[in-house]
Amino acid sequence: MRREGPAGGPAGEGLTMEAKASGQAAQAGPFPLSTLRHSVSHLMASAVEKLYPGAKFGFGPAIEHGFYYDLDLPEPLEDKDLRKIEKEMARIAKRSPKLECETLTREQARERMRAKGQSYKVEAVDLIPEGEAITFYRHGDWEDLCEGPHIDRLDRNFAFKLLNIAGAYWRGDEKRPMLQRIYGTAFWSQEELDKHLAWLEEIKQRDHRKLGSELDLFTTHQEAGGGLVFWHPHLGAVRRALEDFLAKEHTRRGYEFVYTPHVMREQLFSISGHLENYGEMMYDSFGIEEVKYRIKPMNCPGHVMIYKSRAHSYRDLPIRFAELGTVYRFERSGVLHGMMRVRGFTQDDAHIFCTPDQLESEIAGVLELVHVVLETFGYSYTAYLATRPEKAIGEPEIWERAIAALKRGAALRGLPLELDEGGGAFYGPKIDFKIKDSLGREWQMSTVQCDFNLPERFDIHFMDSDGRQKRPIMIHRAILGSMERFIGGLIEHFGGKFPLWCAPKQVALIPIREEHAPYVRKLEALLREDLFRVALMDSPGHMNNKIKDAQQLQIPFMLIAGDREAAENTVAVRKRGTREQVVMPFDEFHALIRKLRDSRAISID
RNA sequence: GCUGCUGUAGCUCAGUGGUAGAGCACUUCCUUGGUAAGGAAGAGGCCAUGGGUUCAAUCCCCAUCAGCAGCUCCA
């Protein structure tokens with residue numbers, strides 16, 4: 001899933017100084033929030049110039065949750081410099097609050113920027129389209145080439161904070177110089193700023209890498225290599241629960257599970273077009289008895305092999321092959337990120353081979369499954385239609401047919417589609433889903449892709465009712481995307497508080513004294529027999545300590561048992577995140593959690 | 001890959017140009033406790049790896065590996 005990062009993800013990196021912020025926050029001020037933020041980025045730039053004479057400026061737009069400014073400075077900035085800059089900003093806002101606008105001709109603008117040695121700005125002047133006004137905004141003795149608009153005065157009431165420093169290529173091009181980017185944010189009130197900072201803090205607390213170590217979920221290892229995830233038993237349990245759920249939903253919808261090799265002859269990927277179009281993502285070949293092999297970056301060729309293994313009648317179609325297929329892709333070291341961006345991952349992949357007539361209803365079927373699965377986790381979503389990218393195979397007419405089929409499939413489900421121009425896979429167009437998590441962040445995961453090309457390349461066919469060999473169509477689709485990315489996202493979505501059905505441990509058993517251990521061990525046996533995952537905390541030690549441990553591990557239910565409970569066959573039940581306990585017969589508790597589990601309830605209340 | 005930063009006990013982190021500490025976790029003993037941390041003792045480190053500078057390097061320099069904030073690119 002693509003991370004539309006909250007901590008200053010580039011909402012709109014323009015070639016102009018235009019603020020493209022969504023301005024999602026309530027507009028409590030006299031100007032739109034994005035206008036305020038854009039003005040504060042100017043204020044920041046002027047403070048930087050004061051503190052670091054000779055600074056050169058790039059772009060400094062407002063973005064989704066704040067603003068940034070790209071700067072070329074002789075020295076690298078440190079975090080503590082941000083506080084210094086903030087102080088200087090406050091001073092400038094008080095001393096020269098008035099923002100004024102001036103319109104210049106292109107030549108004047110170029111000359112003025114050249115005179116100041118602002119080489120990036122000189123370039124920026126030429127990026128302004130013909131016929132558009134070229135304006136400068138000034139406060140005090142600092143001015144910036146900028147389209148505006150801005151707030152009128154910098155001494156209005158607002159609150160701001162500079163957040164972090166990072167490198168950013170000039171104009172987003174990795175072949176160009178790297179500038180220093182300062183991210184910050186601003187609001188019309190201190191309360192709103194505080195709320196935003198609390199949100200950022202919550203994101204930090206829920207970071208899957210942090211929870212991953214606190215809850216003993218997964219690790220990566222320097223000695224094993226970056227981007228390779230080791231799933232510990234706790235996360236293994238989560239994955240197992242998801243896989244069981246998926247297997248049921250797929251079987252119910254006529255999918256059949258297959259298993260294909262992880263390495264295959266290089267030639268296969270040459271036929272499929274992967275080598276040519278996806279080669280830079282693939283690991284080098286290696287020889288087996290003089291023949292070149294590759295680790296697979298995708299599962300499709302393997303599924304085609306199975307399809308090709310015999311002749312098919314139109315009566316066989318659609319054929320739906322599903323596989324939790326593990327693939328390996330080269331990712332540059334700097335992009336690796338916990339479980340979210342890795343080099344080896346498992347897709348909940350499937351390929352549907354169908355006739356042209358079946359295409360739309362099959363697409364609609366996939367969309368239905370996507371809905372059922374995402375709903376189970378409480379995700380809302382938006383669907384995007386991704387069209388032909390620059391690097392693509394297949395004739396444009398074929399692409400048009402596929403796009404039309406996706407549109408009609410979505411229409412069958414009444415699913416509205418946003419457009420993602422040029423975002424398709426090299427072999428066909430697709431519908432991608434962006435989900436919104438409990439912190440309001442958007443991620444990309446599910447995908448449905450139409451493919452007229454692989455059937456052609458592998459020359460697969462079916463015998464139609466008219467006695468002619470025809471070409472089937474392939475639909476590639478993944479619901480979760482990758483287990484790694486999806487479950488990494490789930491950790492953050494739930495903040496480690498998994499629903500009962502997929503929680504690593506579902507019930508903690510805590511005897512009050514050691515002599516109550518046999519009773520809780522008896523309960524453990526009953527629960528395990530019913531396939532519950534139980535944390536039996538019967539080692540010597542104090543009850544309070546065990547309660548603390550169980551709470552910290554976010555175990556949904558704690559059962560505490562002493563003399564009374566053992567005598568009456570009851571349990572004192574304490575729910576995750578609460579301090580109250582309810583005593584009930586064990587059987588009643590058992591029935592309760594069975595219902596919660598089997599209904600895959602999101603909440604344990 | 002690029003820019004900047006980081007790597008000390010299983011985890012979170014102190015610290016020093018003369019080869020190391022805390023809390024939690026772990027082990028053992030004591031404690032028998034009714035809803036978030038009982039007490040004591042012990043064990044645990046080639047200070048990421050490889051080079052260099054130095055009488056001497058965990059500390060300074062270089063490279064490599066891994067991580068962090070981003071950029072670029074993606075499930």
Side-chain angles (χ1 to χ4, degrees), chain A residues 1-3 5 7-10 13 68 70 72-73 75-79 163-183 207 209-210 213-214 216 219-228 278 280-281 297-298 325 327 329-349 423 425 432 443-447 476 478-486 488-489 510-516 540-552 558-565 572-574 577-581 583:
Chain A
M1 9 192 223
R2 178 194 293 266
R3 178 165 182 163
E13 208 150 359
Y68 66 79
D70 287 343
D72 190 347
L73 299 173
E75 290 294 310
L77 291 170
E78 292 175 46
D79 279 338
L163 296 170
N164 49 7
I165 306 159
Y169 299 111
W170 166 236
R171 295 182 61 196
D173 184 344
E174 61 181 312
K175 292 186 188 66
R176 293 188 179 239
M178 181 158 280
L179 310 179
Q180 298 193 64
R181 175 173 294 181
I182 302 179
Y183 284 101
D207 189 303
R209 294 164 300 181
K210 178 176 156 73
S213 99
E214 285 174 5
D216 194 13
T219 44
T220 58
H221 298 268
Q222 195 176 131
E223 51 276 57
L228 300 167
Y278 205 71
E280 70 278 13
M281 296 292 285
M298 290 192 192
V327 297
R329 299 180 184 174
F330 170 69
E331 294 285 1
R332 301 201 286 180
S333 58
V335 306
L336 302 177
H337 181 89
M339 302 184 73
M340 299 297 206
R341 190 79 182 270
V342 293
R343 288 181 174 153
F345 57 95
T346 301
Q347 298 178 304
D348 63 325
D349 210 354
D432 283 332
W443 309 82
Q444 196 209 303
M445 29 187 169
S446 314
T447 181
H476 308 237
I479 310 291
L480 306 187
S482 90
M483 301 307 290
E484 282 75 6
R485 193 174 277 188
F486 187 85
I510 301 173
I512 285 176
R513 281 199 308 280
E514 227 169 325
E515 68 196 71
H516 307 121
H542 283 244
M543 173 186 69
N544 282 353
N545 204 15
K546 294 174 184 177
I547 291 169
K548 181 209 66 176
D549 287 343
Q551 288 285 21
Q552 284 184 344
M558 261 181 258
L559 300 187
I560 295 153
D563 291 330
R564 294 198 293 275
E565 288 78 10
V573 181
R574 179 166 159 162
T578 71
R579 304 179 83 94
E580 300 92 57
Q581 54 269 312
V583 177

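A, B, ... follow the sequence lines: proteins, then strands. Residue 1 opens every chain.
Taking the C1' atoms as reference points, B:A9 lies 12 Å from B:G23, given to the whole Å. For the P atoms, the distance linking B:C68 with B:C11 amounts to 15 Å, nearest Å. Comparing B:C46 with B:U58, their C1' atoms are spaced 10 Å from each other, to the whole Å. B:A69 sits 48 Å from B:C29 when the C1' atoms are compared, rounded to a whole Å. Straight-line distance between the C1' atoms of B:G17 and B:C60: roughly 8 Å, to the nearest whole Å. Between the P atoms of B:C61 and B:A66, the separation comes to 22 Å (whole Å). Only the P atoms considered, B:A40 is 23 Å distant from B:U35, to the nearest whole Å. Taking atom P in both B:C62 and B:G70, the straight-line distance is 26 Å, to the nearest Å.
Comparing B:U72, B:U35, B:A75 by their nearest atom to the side chain of A:Met543 picks out B:U35. When each of B:G4, B:G34, B:A69 is scored by its nearest atom to the side-chain atoms of A:Pro76, the top-ranked nucleotide is B:G4. Set against B:A75, B:C65, B:U32, the side chain of A:Gln222 has B:C65 as its closest nucleotide. Here the nucleotide nearest the side chain of A:Glu515, chosen from B:U32, B:G34, B:A36, is B:U32. Comparing B:G38, B:U35, B:A75 by their closest approach to the side chain of A:Arg574 singles out B:U35. The side chain of A:Ala572 sits closest to B:U35 out of B:C2, B:U32, B:U35. In this structure, of B:U72, B:G70, B:U32, it is B:G70 that holds the atom nearest to the side chain of A:Asn164. Listed nucleotides B:G34, B:C73, B:C2 differ in distance to A:Met178; the shortest reach to its side chain belongs to B:C2.
Aromatic stacking is not marked for A:Tyr183 over B:G70, as the cut-offs of 5.5 Å for the centres and 30° for the planes do not both hold.
Each of A:Glu78 and A:Gly344 has a nearest nucleotide on RNA chain B; the 5'-most of these lies closest to A:Glu78. If you find the closest nucleotide of RNA chain B to A:Ser482 and to A:Asn544, the one lying nearer the 5' end belongs to A:Asn544.
In this structure, A:Glu580 atom CD and B:G34 atom C1' are separated by 16 Å, rounded to whole Å. Protein atom NZ of A:Lys548 is 18 Å distant from nucleotide atom P of B:G34, rounded to whole Å. The nearest whole Å value for the distance from the CG atom in A:Asp173 to the P atom in B:U3 is 15 Å. Across the protein-nucleic acid pair, A:Asp563 atom CG and B:U32 atom P stand 15 Å apart, rounded to whole Å. When rounded to the nearest whole Å, the span between CZ of A:Arg564 and P of B:G33 equals 13 Å. A:Lys546 places its NZ atom 14 Å from the P atom of B:G33, with the value rounded to the nearest Å.
Applying the 3.5 Å distance criterion, the base of B:A37 shares no donor-acceptor pair with the side chain of A:Gln551. Interface remark: the A:Glu331 side chain does not form any donor-acceptor pair with the B:G1 base, using a distance-only criterion of under 3.5 Å. Side-chain atoms of A:Gln180 stay outside donor-acceptor range of the base of B:U3, with no qualifying N/O pair under 3.5 Å. Counting distance only, with no hydrogens placed and no angle test, the side-chain atoms of A:Arg181 and the base atoms of B:U3 include no donor-acceptor pair under 3.5 Å. Between the side chain of A:Tyr169 and the base of B:G1, a donor-acceptor pair under 3.5 Å is found. Under 3.5 Å, the side chain of A:Arg332 and the base of B:C71 form no donor-acceptor pair of N or O atoms. Taking 3.5 Å as the limit, the base of B:U32 and the side chain of A:His542 contain no donor-acceptor pair of atoms between them.
B:A14 is unpaired under the Watson-Crick or G-U wobble criterion, no partner having all donor-acceptor distances under 3.5 Å. Pair assignment for B:C29 gives B:G39, based on Watson-Crick or G-U wobble hydrogen-bonding distances that are each under 3.5 Å. When both distances must be under 3.5 Å, the Watson-Crick or G-U wobble mate of B:G7 is B:C65. With a cut-off of 3.5 Å on both Watson-Crick or G-U wobble distances, the partner of B:U53 is given as none. In this entry B:G34 has no Watson-Crick or G-U wobble partner, no candidate having both defining distances under 3.5 Å. Base pairing analysis places B:G45 opposite nothing; no Watson-Crick or G-U wobble pair with both distances below 3.5 Å involves it. Figure legend. B:C2 is base-paired to B:G70; pairs are counted as Watson-Crick or G-U wobble with both atom distances under 3.5 Å.
Comment: A:Arg171 does not engage A:Asp173 in a salt bridge, judged by the lack of any side-chain N to carboxylate O separation of less than 4.0 angstrom.
Within the nucleic acid shown, A:Val342 comes within 4.0 Å of at least one base atom, counting heavy atoms only. Residue contacts for A:Gly226: at a heavy-atom cut-off of 4.0 Å it reaches the sugar-phosphate backbone alone, with no base atom in range. Within the nucleic acid shown, A:Ser213 has no heavy atom closer than 4.0 Å to any nucleic acid atom. Looking at heavy-atom distances under 4.0 Å, A:Asp549 makes no contact with the nucleic acid at all. Among the atoms of the strands shown, none is found under 4.0 Å from any heavy atom of A:Glu280.
Of the possible polar contacts, one joining the A:Gln180 side chain to the A:Leu77 backbone as a donor-acceptor pair under 3.5 Å is found. Under the 3.5 Å distance criterion, the side-chain polar atoms of A:Asn164 are left unmatched by any main-chain donor or acceptor of A:Ile182.
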**Request:** Mind running side-chain contact (heavy atoms from CB on, under 4.5 Å) on A:Arg513 and A:Met543 for me, showing each step along the way?
**Result:** CA-CA 8 Å; A:Arg513 281 199 308 280; A:Met543 173 186 69; over 6 Å; no

**Item:** Test side-chain contact (heavy atoms from CB on, under 4.5 Å) applied to A:Asn544 and A:Lys548, step by step
**Value:** CA-CA 6 Å; A:Asn544 282 353; A:Lys548 181 209 66 176; over 6 Å; no

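Heavy atoms only, all atoms of each residue included: A:Met340 and A:Gly488 are closest at CE-C, 3.4 Å. For the residue pair A:Val327 and A:Gln347, the shortest heavy atom distance occurs at CG1-OE1, 4.1 Å. Between A:Gly227 and A:Leu336, the shortest heavy-atom distance links the atoms N-CD1, 3.7 Å. When every heavy atom of A:Glu484 is checked against every heavy atom of A:Thr346, the shortest pair comes out as OE1-N, 2.9 Å.
Residues A:Met339 and A:Met483 have side chains not in contact (no heavy-atom distance under 4.5 Å, counting atoms from C-beta outward).
In this structure, A:Arg579 reaches the B:A36 phosphate: one of its side-chain N or O atoms is under 4.0 Å from OP1 or OP2. The phosphate of B:U72 (OP1 or OP2) has no side-chain N or O of A:Arg341 nearer than 4.0 angstrom. Remark: A:Arg209 is in phosphate contact with B:C68, judged by side-chain N or O atoms under 4.0 Å from OP1 or OP2.
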